[in-house]
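Single-structure report; data block below.
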Amino acid sequence: MTPFPTSTVLGYPRIGPRRELKQALESYWDGRSTRAELERTGAELRARTWHRLAGLGLEGLPSNTFSLYDHVLDTAVLLSAVPERYREAADPYFAMARGTDGLAPLRMTKWFDTNYHSLVPELGPETTLKLDAAKPLGEIREARALGYETRPVFVGPVTFVLLAGALDRLDDVLPLYEELLGELAAEGVAWAQLDEPALAADRTPEELAAVRAAYDRLGAVRARPRLFVASYFGELGAALPALAATPVEAIGLDLVRGGVPAADLTGKTVVAGVVSGRDVWRTPTERALSALAALSATGAERVAVSTSCSLLHVPHDVADEPELDPGLRARLAFADQKVAEVVALAGALDDLPAAGFQESGPSVALADPPPAGGRAPYPVRAAAQAARLGLPPLPVTTIGSFPQTGELRAARAAVAAGTLAEDAYERRVEAEIERAIRLQERLGLDVLVHGEPERNDMVQYFAERLDGFAVTGNGWVQSYGSRCTRPPILHGDVRRPAPITVRWAEYARSLTDRPVKGMLTGPVTIVAWSFRRDDLPLRDVVFQVAEAVREEVADLEAAGVPIIQVDEPALRELLPLRRAAQEEYLEWAVAAYRRATSGAGDSTQIHTHLCYSDADQILAAIDGLDADVTTIESARSGARILGAVEGFGRGLGPGVYDIHSPRVPSAEEVEDLLRRTLRALPAGRVWVNPDCGLKTRTYEQVEAALANVVEAARRLRAEV
């Protein structure tokens, strides 16, 4: 039997070093290229990845980690778990991902506690399942034609059914995985990887029993590859002995987020995730070697070195960042550098130190956060704000950003290249702000936004203007589909040298008599969507950012801005997967937000926004933010948030327009969502808004959709 390779990774970035996948996807979606051309780009990116990994000396090359949109969606296709309504679409795959004119897409959520957005599979009692292994088998053959044997990677059966909320369908799913293993064996595959990140969260006795039963069953398949079950994003806890009791040959452990377990792994290969797949810092060599040495106490038959999770969450190559400060760059490791670290650590396996494992994390004592200060109770503030703003029932607003046109992005690039003067660029930004304001006035929105044309990204824009951050030129990371971000690198103490948003907020206010929101990103989100420093506790880093946001709130208020929105879409994202750590996190995260916003006067209305993160699970904490108005994703998830809002004591705007799809909702569709909202909330506290910002949409789509949103609100306003 082929032993597990001594060095591997659980996945690799799939967008391409220069976002080649993004460009190919958007060209296909716009009708400028064919599906065959898109598939050709995918094949080129896969070949480039295998060549690169092999060139770096990696022994175990993964396959089936590439996706044209999302690996969870790919698993649904693998199992033919395609809801009937999508089957007749011209392209069912992208219909599920993005929707069509008459068809809403699948629900979207965050991939556990990351900023990667995955689709939520539907697996109802009527869903007929059938194996379609064309994609993974095709990639195995592609790699073999290039001279590489690979280990195909799949979302594991337990995680898949848990994501679908359908544990009762596990017995229907397992025969397809058995069939899959048979086809892989017939293809000559030595090892198959089944990813079970759901096991890093708290699991019920029933779910743990399902884990044991599932892998007993898969391990009993006569003709199959050897099985490597990988879990990540935390410790396996009670799931580890359940897995260890099954016939699986290898188990992956995240030793960056979890310690070496006190478990009996006799006879197993342990794939040790000692190189972080979630950050951009070089691996502390002594810590990694100590962890590898400590695994000897588990009785493991063999130890291999890996990343803690897929490298999907980090950029490609530090060598692409020549403009970074050399001292900072020397501390960094992107995907390629992390692969090199894995290879080097695997080379040291035969000469491990005897020292025990040392827990990671800073040895700095937690500082007491500054007091939040206080605002008057909500009813007092609500009365003061109503008198100041004079808004109608069901006020209509948007979340903040308007479409970022190609001309605007080109102008921003020209400024960076030195071919467009700063003052000329500012005139273009002003023109774009006026365009957004006039459109909102014409459509009849009640609270306007300036559209954020000056911002490249809701986090990067602030990072570029705060001390303690660095930004990259090519450090792209996939968020979902073709959407990519460049997370800033938070490497030092955070300070705000000067006001950041006041200039544009004042200009927007000068154009209209209607209320205009000032738009800020909250402290938790700025930190969560950055690669944050690891030498201070997370809480202390967030409070540093909260102080900078607090200063910006004060300057906006002094400038006369009547509504200030401080977005915290990452509040749910950073929630620890284990319940034991959740209360402490929510306590300080809420305190940081209140520190950032509580200096505002009673007549200044504070808004916040959350999206695509199962916010119904932390609604009490959201209420604790004490924002006057919360806007929240609802349209894409089928208004499931409405089942949890009873007792929410402030203004709430469950979204009525899914902006992550190009489809335009009808006025009737929006009206239906609003009526459902009004059955859950009193009309006096309901706001009308999209699910998220409009940056990724076109003006044509936005104008049509917002016109329907305003029309639906007007119809119901007459009734309430």
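- At least one test fails for R509 against the ring of Y507: distance under 6.0 Å to the centre or angle within 45° of the axis.
- A salt bridge links R578 and D202; the closest N-O separation between the charged side-chain nitrogens and carboxylate oxygens is under 4.0 Å.
- E633 has no carboxylate O lying under 4.0 Å from a charged side-chain N of R107, or vice versa, which leaves the two without a salt bridge.
- Between D457 and R486 no salt bridge is recorded (no basic side-chain N to carboxylate O distance below 4.0 Å).
- If you check the side chains of E568 and T608, you find no donor sitting under 3.5 Å from an acceptor.
- Side-chain contact between Q404 and R412 is present, with heavy atoms from C-beta onward closer than 4.5 Å.
- Under the rule for a side chain to side chain contact (heavy atoms under 4.5 Å, CB included), the partners of S661 that lie at least two apart in sequence or sit in another chain are P105, D658, R663.
- Using a 30° and 60° split on the angle between ring planes, W111 and Y116 fall in the perpendicular class, above 60°.
- Under 4.0 Å is where a charged nitrogen must lie from a carboxylate oxygen, and between R381 and D602 no such pair does.
- For H117 and S479, the side-chain atoms include at least one donor-acceptor pair closer than 3.5 Å.
- Taking a cutoff of 4.0 Å between a charged side-chain nitrogen and a carboxylate oxygen, D279 and K338 qualify as a salt bridge.
- In this structure, R375 and I606 have side chains that are in contact, with non-hydrogen atoms separated by less than 4.5 Å.
- R496 and D555 are joined by a salt bridge, as a carboxylate oxygen and a charged side-chain nitrogen come within less than 4.0 angstrom of each other.
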